[in-house]
Amino acid sequence: MSKNMQIADVIVDVPTMQTNRPYTYLIPEQFQNDLEPGMRVSVPFGNGNRLIQGFITKIDYVKNNDINLEKYKEIQEILDIEPTVNEELLQLADWMAKYTFAFKIKCLQVMLPSALKAKYDRIFKFIGNDKTSAIQEIFGNDNELVESKHDLTPQKIQQLLNLRKKNLVEVSYIVKDKLTSKKVWAFRPILEKDSYQELSRKVSKNANRQKLLLELLQRLDSTKEYRQLEYANKLNLSSVDFKNAETKGWISRFKVDEYRDPFANIEIKRDEHKILSKEQDEAFKSISRDVNNHVNSVNLLQGVTGSGKTEVYLQVIDNVLKKGQTAIMLVPEISLTPQMINRFKARFGSNVATLHSGLSNGEKLDEWRRIEKNEAKVVVGARSAIFAPLKNIGVIIIDEEHEDSYKQEEMPRYDAKDVAIWRGKYHHCPVVLGSATPSLETRARAQKGVYKWLKLTKRINGKSLPKVHIIDMKEAYKDSPSPDFSIELLNEIYQTIQRKEQVVLMLNRRGYSSFVMCRDCGNVVNCPNCDISLTLHMDSRTLRCHYCGFEMSPPKVCSVCKSTKIRYYGTGTQKVEAELKKLIPNARILRMDVDTTRKKGAHQKILDEFGSQKADILLGTQMIAKGLDFPNITLVGVLNADTGLNFPDFRASEKTFQLLTQVSGRAGRADKDGNVFIQTFNPDHYAINLARKHSYEEFFYHEMKMRHMLNYPPYYYSYKISVSAKNEEQVVKRIYKIGNELKGILSAQAQILGPAPQGITRINNRYYYQIIIKYKKEEKLEEYLSKLLVSSQKFERNGELIVIDRNPNRFE
DNA sequence: AGCACGCCGACT
DNA sequence: GTCGGCGTGCTC
């Protein structure tokens, strides 16, 4: 007798061993027809049959005698009632694994809230007859030890594993499902409003609590559910009062999932549509047309700071919601402030779900489930929110699209923009990339007509952009009381504070690795082969090129002006703060950098303090360039515009231009005019000069020329392959082997930079080496890299890590 | 991770 | 001629 039965392809999560191929398992009788692709299961794996988590990707029907089914094991347990990953996300994981050279399991895991990631536990069971003293010491009076409960040291685990070999201990594995969400009491009014009124009159005079509750019930909506705790707190009632009300038949009570969303039931004043300017309206209509017609377009919305991009987003999303569709809005993590989230909640109410690092794992899971259950239709979040399990998406918006935080810097190394475009195709909906200073890649595609190009050229307050002054520090430092401040900037700070207005000072520390510069002429030592500045390595006291490996000792005399005033460069915020206190003793200064913002919420706290005028000066690193929009800021100072420029990377000018433009936009947001002072040793550099003129377009053309000359993106695609290990010799051997193999398969049009040591060659006692590939079209490259990914597994055992990074943010 | 397989040196 | 070291490969 043969009968139909099911088998399933499963992508398994084997610690330290990954493959991109699924494993086939039998679906046991009791689960037949219960399983679907996208569900999580636990399956036995390997010789020890340890249980691990896996995702079902495919289900097949077979006759139980048609093929040799003996080689398959059975699925052990189902971890979901419904698929955790839907069909779309399964396909997306497939594509992502191939595109970013990642293991599929990592792609699936990155899409889900971390609370859904399996935790494994081991149980050690004593199965011998008598405990020796050594065994007694480990087990005590128990016969069973659970790894996560009895804090077992690695030594103890080693002993236990040895005992297993002697058949004295048995080990079993379990997959812990962390899918436990808190339940809380909720209630619903079940009587008519009149009845409550009547009851309220009838209850005895001193039954104050009952009266309070009945008055509340008159106001509530009997079609809605309410959290008991919330109203108990508000009216100073206890749970007993609600329980009594239930027994009297006034309300019904039940338990609901506790959504830990801190904003869930806060009533936020609704925010209304603002009237769009002509430019805004054109952008809105163009995007909405594509929403309505299900056109999968990619749009660059290029708008100067303060031009009202956000209002366009909000109205586009509103239109999407009215059509019964959903929307994703990505913003950089740093701008996901409560104010920003409130703006969305004010417009769309409880339709909004937010996903960001400020939430606990439980809160993230709750938000994720609200999205999955269609309870939230607008998702606002940082990078990983691009995987929000929304159905029927009408628009995907990525604000500040030039930010590099949209690219994940660990496996899977996906770019949220690529994922957005993939999902846009899947849902036949437009994707909007917004920025005042688009990345060259995006802007170039708009130029070529690959993306639609929408422009907002005017500020909505009608004010012109702030006036930017460049200060040549080569001259200014000579007659200044401080090496970090020019007299001009000091005067300006002083006067601004006198007017009771606020100052933002930015210390640009991008690329903290030091460089060497001539104090007299500003010349920085460049690599003879690569036209890029050399980096000072203090460990070896040499200057190195991170592109080609060139190396030299620091010069004693400047090659341009023959001066001997050669300085090693680097400044800190603490030093500047101390100096500022000396120069302007009565100024109230807030410092914002990695040190002062390490604690959770500290970033917001500093901004709040500054916003409520508790300080005159906000001094910080790049992070102050974003997420602050305070009307009283009228002066912005950049202390050292150069450090970013001397960063040995092909994007150095682009990043500097973007940063200067962005920080300049902080000045004069409301009715007051703003001023910007930029101190620099390179007053003639185009990135600085064009930022002064607020001329993104000129910058774009100039930078594109440079990129073209040097065969950099966007003219070429790129890969970075890096190898690291504790043993430098091992790393060098591997990277050269890869380099040689690449030379064998690449065409003459492709270019290889390196192998060369990475910017900071040794980090945490690991040595890093890399190869950059620049190419236009290489037939064999993807196949080679896929193989490299698979083989990288076995090198990992020797502590050798290989990373393949498609379109890396940086080459250094 | 854990186990099998297999090639080479040291040993009964 | 055999035992066992660990480098290598595989896990449905």
Side-chain angles (χ1 to χ4, degrees), chain A residues 5-29 31-32 35 37 39-79 97 103-106 108-109 117-125 127 145-148 152-176 725 727 729-730 733-734 737 786-802:
Chain A
M5 59 180 300
Q6 292 177 306
I7 54 172
D9 279 359
V10 179
I11 294 288
V12 290
D13 172 31
V14 186
T16 75
M17 204 293 298
Q18 280 130 359
T19 8
N20 266 343
R21 110 166 166 256
Y23 289 87
T24 306
Y25 283 88
L26 299 173
I27 299 178
E29 198 86 27
F31 300 154
Q32 294 274 317
L35 291 175
M39 283 183 175
R40 296 168 310 140
V41 289
S42 71
V43 292
F45 195 84
N47 261 310
N49 278 331
R50 58 179 301 180
L51 291 181
I52 54 170
Q53 193 192 63
F55 291 82
I56 296 182
T57 54
K58 203 175 142 210
I59 289 185
D60 278 321
Y61 289 87
V62 290
K63 296 258 189 271
N64 68 350
N65 61 352
D66 30 326
I67 46 169
N68 183 9
L69 296 174
E70 277 151 36
K71 62 178 173 181
Y72 300 140
K73 294 177 182 174
E74 286 192 340
I75 285 174
Q76 179 80 24
E77 203 185 345
I78 312 180
L79 301 175
F103 294 112
K104 214 178 280 176
I105 187 74
K106 298 258 182 197
L108 289 164
Q109 283 166 346
K117 209 172 136 185
K119 276 274 158 16
Y120 300 107
D121 216 343
R122 276 191 286 198
I123 298 168
F124 299 93
K125 193 173 174 188
I127 50 169
L145 292 179
V146 180
E147 187 172 0
S148 62
L152 298 172
T153 58
Q155 293 94 314
K156 273 190 184 170
I157 286 176
Q158 196 53 51
Q159 282 174 298
L160 285 162
L161 292 175
N162 287 336
L163 287 167
R164 179 172 61 165
K165 288 189 182 130
K166 294 177 193 147
N167 271 326
L168 289 169
V169 163
E170 200 178 68
V171 183
S172 54
Y173 299 87
I174 51 167
V175 180
K176 277 196 296 189
N727 179 340
E729 208 184 306
Q730 198 184 346
K733 267 190 190 158
R734 179 70 58 207
K737 189 160 178 289
S786 301
K787 278 185 189 151
L788 183 64
L789 170 73
V790 173
S791 64
S792 70
Q793 295 273 314
K794 64 170 176 273
F795 308 135
E796 215 168 307
R797 256 196 224 185
N798 312 326
E800 233 174 84
L801 240 93
I802 299 179

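Per chain, numbering begins at 1; letters A, B, ... match sequence-line order. Because only heavy atoms are used, hydrogens play no part in the values below, and waters and symmetry mates are left out as well, while side chains stay in.
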Q) Which pair of non-hydrogen atoms, one from A:A8 and one from A:I27, has the smallest distance, and what is that distance? A)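 Of all heavy-atom pairs spanning A:A8 and A:I27, the closest is CB-CD1, 3.9 Å.
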Starting at [atom1] of [X] and ending at [atom2] of [N], how long is that distance when rounded to a whole Å?
X	N	atom1	atom2	result
A:D13	B:dA1	CG	C1'	12 Å
A:Y72	C:dT11	OH	C1'	14 Å
A:D9	C:dT11	CG	C1'	15 Å
A:E796	C:dG9	CD	C1'	16 Å
A:F45	C:dC10	CZ	P	12 Å
A:K794	B:dA1	NZ	C1'	18 Å
A:R50	C:dC12	CZ	P	13 Å
A:N49	B:dG2	CG	P	13 Å

ask   = Considering only heavy atoms from C-beta outward, does the side chain of A:Q6 approach that of A:L35 to under 4.5 Å?
value =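 Sidechains of A:L35 and A:Q6: no contact.
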query: Side-chain contact, heavy-atom cut-off 4.5 Å: A:V41 with A:I56?
result: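 Yes, at least one pair of side-chain atoms sits under 4.5 Å.
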message: Please confirm whether the shortest side-chain N or O distance from A:K73 to OP1 or OP2 of C:dC12 is below 4.0 Å.
response: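 So the side-chain polar atoms of A:K73 do come within 4.0 Å of the phosphate oxygens OP1 or OP2 of C:dC12, strictly under.
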> Out of A:V10, A:V43, A:I105, which residue meets the side chain to side chain contact (heavy atoms under 4.5 Å, CB included) rule with A:I52?
Replying inline: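 Per the side chain to side chain contact (heavy atoms under 4.5 Å, CB included) rule, the option paired with A:I52 is A:V43, out of A:V10, A:V43, A:I105.
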